[in-house]
Amino acid sequence: MKAQMWEIAGYTDKGPVKETNQDSFLFRTACSARGWAAILGVADGISGLGRGETASRKMMENLLNWWEDNVLRSQTERGAWPRTLETMLLETNRELIRWGKENGVQTGTTASILLLENGNYHILHVGDSRIYLAPGRGRKGLELLTEDQVKPVRREQGGRIYYKNVLTDCVGYREKFAIFQREGKVKKNDVYLVCSDGAYKKLKEDELEKHLRAQEDPVQDILEKIGHTAREYKENDNITMTAVRITGGVRINGRSQDIIGG
């Protein structure tokens with residue numbers, strides 16, 4: 001297929017309550033005679049554990065190293081990229097467990113990774129950050145491409161019984177964890193959103209869809225509008241997103257392509 005291009009951006013907001021931003025994100029793109037590729041990742045450090053900002057930042061640092069070794073330096077063939085990404089997640093898990101033992105803390109992070117290459121997407125995901133697809137013109141609906149790795153846990157407060165979702169898997173907490181994987185085809189005008197839970201908890205899916213389908217808006221503006229809407233709804237968590245729209249020409253947006261961490 002002909003090389004597809006993209007408009008890509010990132011956004012993060014610490015919020016009014018938390019002292020640190022425990023989210024991190026990364027996006028990168030590359031285009032050569034071998035084809036095109038892009039990587040988007042979001043990691044949300046687990047606030048109930050220690051040093052979540054350290055865990056999420058390490059996750060994105062290792063993702064950046066993976067990108068430079070496997071894509072930019074072409075150390076592996078394209079067909080092996082999803083497998084080497086899985087290996088990177090497993091190695092990051094061991095590294096964070098080892099770091100936690102050395103520093104007397106338990107830590108962990110979610111990880112949602114979207115790899116685009118020559119008309120295909122590959123997803124590797126752990127936790128409750130999410131990846132959404134808003135299909136291009138003529139195709140309706142907002143599709144959640146990941147599955148939240150959570151379970152409801154019974155709580156009681158002031159005589160009231162309620163249920164709270166608790167993570168079942170994350171990177172860096174224990175030796176065994178599940179990695180959700182998915183793949184599919186990329187089409188022109190598709191918009192992919194990778195986000196921490198602060199970006200979606202307060203918004204209804206039709207609101208997210210409306211923002212993501214605003215084809216005339218730059219992707220950076222879309223992310224800022226989603227973040228603003230979440231804050232209007234009193235979301236106090238860190239909000240972090242990166243998104244890409246498949247287009248016919250190159251346009252790179254966003255404050256930077258660097259890691260943003262706490």
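Note: hydrogens, waters and symmetry copies are ignored here, and every other heavy atom, side chains too, is used. Along the sequence shown, residues carry numbers from 1.
- Atom CD of Glu143 and atom CD of Glu209 lie 11.5 Å apart (nearest 0.5 Å).
- At least one donor-acceptor pair closer than 3.5 Å links the side chain of His125 to the backbone N or O of Glu147.
- By the 4.5 Å heavy-atom criterion applied to side chains, Thr12 and Phe25 are counted as neighbours.
- Donor-acceptor pairing under 3.5 Å is lacking for the side chains of Ser56 and Thr109.
- The minimum heavy-atom distance between Ile113 and Met88, with the atom names listed, is CD1-CE, 4.0 Å.
- Judged as a ring-ring contact (aromatic ring centres under 6.0 Å, His included), and not counting sequence neighbours, Tyr173 has no contacts.
- Between Trp66 and Glu91 there is no side-chain heavy-atom pair separated by less than 4.5 Å.
- By the neighbour-count criterion of 12 heavy atoms within 6.0 Å, atom CZ of Arg83 is sparsely surrounded, having that number or fewer from other residues, nucleotides or ligands.
- For the pair Leu26/Thr242, no side-chain contact is recorded, criterion being any heavy-atom separation below 4.5 Å from C-beta on.
- Side-chain contact between Ser24 and Glu61: absent, with no pair of heavy atoms (C-beta onward) separated by less than 4.5 Å.
- Taking 4.0 Å as the cut-off between side-chain N and carboxylate O, Arg174 and Asp169 count as a salt-bridged pair.
- Here the side chain of Asn238 pairs a donor or acceptor atom with the backbone of Gln22 at under 3.5 angstrom.
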Please step through side chain to side chain contact (heavy atoms under 4.5 Å, CB included) for the pair Phe177 and Leu90, ending with a clear verdict. CA-CA 9 Å; Phe177 65 102; Leu90 295 173; 3.9 Å; yes
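- In this structure, the separation between CG on Leu193 and CG on Leu223 is 6.5 Å, given to the nearest 0.5 Å.
- Inspection of the Ser196 and Asp23 side chains reveals an N or O donor paired with an N or O acceptor under 3.5 Å.
- For Glu224 and His228, the side-chain atoms include no donor-acceptor pair closer than 3.5 Å.
- Using a distance-only test at 3.5 Å, with no hydrogens or angles considered, a donor-acceptor pair links the side chain of Thr146 to the main chain of Ile131.
- The side-chain heavy atoms of Leu89 and Glu86, taken from C-beta on, include no pair separated by under 4.5 Å.
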Hey, mind stepping through Tyr132 and Leu208 against side chain to side chain contact (heavy atoms under 4.5 Å, CB included) and telling me if it holds? CA-CA 9 Å; Tyr132 289 94; Leu208 270 178; 3.8 Å; yes
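- To the nearest 0.5 Å, the span separating NZ on Lys151 from OG1 on Thr168 amounts to 8.0 Å.
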Taking distance alone, no hydrogens or angles, what donor-acceptor pairs closer than 3.5 Å link side-chain atoms of residues 94-102 to residues at least two apart or in another chain?
{"unit_1": "Glu95", "atom_1": "OE1", "unit_2": "Asn62", "atom_2": "ND2", "d": "3.1"}
{"unit_1": "Glu95", "atom_1": "OE2", "unit_2": "Lys58", "atom_2": "NZ", "d": "3.2"}

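- No option in Thr29, Val71, Leu115, Val194 other than Leu115 meets the side chain to side chain contact (heavy atoms under 4.5 Å, CB included) test with Ile39.
- Heavy atoms only, all atoms of each residue included: Ala199 and Ile226 are closest at O-CG2, 4.0 Å.
- Gln220 contributes a side-chain N or O that, together with a main-chain N or O of Gly10, makes up a donor-acceptor pair within less than 3.5 Å.
- Atom-to-atom distance recorded for Asp13:CG and Ile239:CD1 is 5.5 Å, nearest 0.5 angstrom.
- With rounding to the nearest 0.5 Å, the separation of CG in Leu142 from NZ in Lys204 is 15.0 Å.
- Taken to the nearest 0.5 Å, the CG atom of Leu40 stands 9.5 Å off from the CG atom of Leu63.
- The shortest non-hydrogen separation linking Val126 to Ala178 is CG2-O, 3.7 Å.
- Although no hydrogens or angles enter the test, the distance criterion places a donor-acceptor pair under 3.5 Å between the side chain of Asn118 and the main chain of Trp36.
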Using the side chain to side chain contact (heavy atoms under 4.5 Å, CB included) rule, take Glu53 and Arg51 through it: C-alpha gap first, then chi angles, then the decisive distance, then the call. CA-CA 5 Å; Glu53 69 280 5; Arg51 302 289 294 275; 3.7 Å; yes
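- Minimum heavy-atom separation, Leu124 to Pro82: CD2-O, 3.9 Å.
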Quick one: do His122 and Trp81 satisfy side chain to side chain contact (heavy atoms under 4.5 Å, CB included)? Show the steps, please. CA-CA 9 Å; His122 305 273; Trp81 287 353; over 6 Å; no
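- Here the closest heavy-atom approach between residue Gly127 and residue Thr110 is recorded as CA-CG2, 4.1 Å.
- The 12-atom threshold is exceeded at NZ of Lys14, counting heavy atoms of other residues, nucleotides or ligands nearer than 6.0 Å.
- Side-chain contact between Asp237 and Val17 is absent, with no heavy atoms from C-beta onward closer than 4.5 Å.
- Under the 3.5 Å distance criterion, the side-chain polar atoms of Asp128 are left unmatched by any main-chain donor or acceptor of Gln149.
- Between Leu116 and Trp6 the shortest side-chain heavy-atom distance does not fall below 4.5 Å.
- In this structure, Arg213 contributes its side chain and Pro135 its backbone to a donor-acceptor pair below 3.5 Å.
- Considering Lys202, Lys201, Lys18 as possible partners of Glu235, the one that fulfils the salt bridge (charged side-chain N to carboxylate O under 4.0 Å, His left out) test is Lys201.
- The minimum heavy-atom distance between Asn93 and Gly172, with the atom names listed, is OD1-N, 2.6 Å.
- When the side chains of ILVMFWY residues are joined at heavy-atom separations under 4.5 Å, either directly or via intervening members, Val105 and Ile46 end up in two distinct hydrophobic clusters.
- Using a 4.5 Å heavy-atom threshold, the side chains of Met241 and Arg130 count as separate.
- At most 12 non-hydrogen atoms from other residues, nucleotides or ligands lie less than 6.0 angstrom from CD of Glu183.
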